[in-house]
Amino acid sequence: MSDRPMKRILVTGSAGQIGSELVMVLREKYGNDNVVAGINRTQPSERIKNSGPVEVCDIRKREQLDDVVDRYDIDTIYNMAAILSAVGEQKPLLAWDVNMNGFQNVLECAREKELVRVMNPSSIAAFGPETPRINTPQETVLKPRTMYGVTKVAGELLGDYYFRKFGVDVRGVRYPGIISSETPPGGGTTDYAVAIFYEAIKHGRYECFVREDTVLPMMYMPDALKGLMDLAEAPVEKLEHHCDFNLASMSFSAGELAAEIKKHIPELEVTYKPDFRQAIADSWPQSIDDSAARREWGWEPSFDLSSMTKDMIEKLSAKLL
Ligand code: NAD
Ligand code: SER
């Protein structure tokens with residue numbers, strides 16, 4: 001384990017919902033040229049293209065990963081490349097390939113090249129129907145029913161194994177559903193909590209794919225980015241956990257979200273037509289105990305339902321209207 005600082009970072013999955021914003025805040029902090037945006041097939045945003053290096057890097061291809069890491073003298077990888085829950089149920093073998101084989105390539109690359117750190121998000125999808133759903137404890141039953149969830153649990157365990165066995169400093173949080181205005185989500189179960197804002201602003205109506213009483217934990221993007229970056233900077237000797245930190249911010253039902261948006265857009269009409277994603281949502285927790293993250297590295301979110309909704313509507317209205 002080393003105390004070397006993180007100086008040159010590769011973000012995989014940089015065209016995705018989180019990666020697209022993470023690259024920009026990392027560039028602000030570490031310098032534009034020191035943060036390489038790794039992409040697969042999807043093109044990154046103009047902001048990313050115009051502010052620093054972009055490289056094709058399919059994490060399933062070890063040679064591509066090694067090449068970027070060598071050419072840019074990368075010491076840290078934020079692995080944001082993944083297949084999320086809903087797409088993962090349509091394409092379970094692809095989800096395994098990217099989330100497991102791809103992640104192991106990242107870990108092997110980090111081990112062989114003695115990188116300083118690997119950051120790899122997990123998810124509330126690591127939990128399943130046998131897990132206590134209210135204030136879900138840090139240590140609890142992990143029996144997910146989705147392929148995405150299976151890969152998230154296995155990824156947590158694999159990361160912890162690489163830490164203990166090989167001294168690779170791998171860290172990660174179990175993100176709740178992430179809400180943001182920059183890049184739409186890439187095929188998850190919590191996507192309705194973002195789509196409702198776009199549709200409310202553009203059309204004044206939204207057909208929601210989960211029931212009105214569906215409660216899930218959510219988080220606004222600025223908190224999600226701060227959380228991951230703060231964990232990356234935390235002194236390793238303070239960490240009892242590594243790849244599986246519970247992380248919480250706010251919890252609300254789809255109906256409560258609609259009611260909050262209606263305070264700003266009173267004409268909004270929401271209907272509910274649950275599809276296959278309802279069963280996934282029903283297998284996940286409603287609220288999360290994140291005391292380990294608070295205790296070990298000082299996690300504290302800033303946004304609640306009301307402040308997140310106001311900010312989302314301001315940002316999306318400026319973008320869409
Ligand atoms: P996303 O689907 O928006 O983006 C993932 C990106 O990975 C996409 O741009 C995709 O093109 C890319 N990708 C797919 N296969 C790839 C491959 N083989 N090589 C390289 N890139 C590849 O996902 P996101 O929401 O930005 O999620 C980032 C991380 O955060 C993931 O690990 C995800 O599990 C986790 N997470 C996200 C949420 C959320 O609500 N967004 C919640 C919990 C956890
Ligand atoms: N937002 C993600 C999903 O729904 C949770 O990991 O798949």
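Atoms considered below: every heavy atom in the structure, side chains included; atoms not considered: hydrogens, waters and symmetry mates. Ligands are counted one by one from 1 in listed order, and the atoms in each one are counted from 1 as well.
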- prompt: Are the charged groups of E156 and R174 less than 4.0 angstrom apart, N to O?
  reply: yes
task: Please report the shortest heavy-atom distance between R211 and Q278, naming the atom on each side.
output: N-OE1, 2.6 Å
- prompt: Does NZ in K7 sit with more than 12 non-hydrogen atoms of other residues, nucleotides or ligands closer than 6.0 Å?
  reply: no
query: Which parts of the protein, at residue level, reach under 4.0 Å of ligand 1 through a heavy atom?
result: G13, A15, G16, Q17, I18, G19, N40, T42, C57, D58, I59, R60, M80, A81, A82, L84, V98, P121, S122, S123, Y148, K152, Y175, P176, G177, I178, G186, T190
message: What does the 4.0 Å heavy-atom contact list look like for ligand 2?
response: L84, S85, S123, Y148, G188, T189, T190, W284
- prompt: Taking only residues two or more places apart in sequence, or in another chain, which ones meet Y192 in a ring-ring contact (aromatic ring centres under 6.0 Å, His included)?
  reply: F209
statement: Residues L316 and I201: closest non-hydrogen pair is CB-CD1, 3.4 Å
field: F245 and W297 aromatic centres sub-6.0 Å
entry: yes
Inter- and intrachain pairs under salt bridge (charged side-chain N to carboxylate O under 4.0 Å, His left out), touching residues 197-210, at least two apart: none
Salt bridge K262-E267, side-chain N to carboxylate O under 4.0 Å: no
- request: State whether F166 and R111 meet the cation-pi test: NZ (Lys) or CZ (Arg) under 6.0 Å from the six-membered ring centroid, and within 45° of the perpendicular axis.
  value: yes
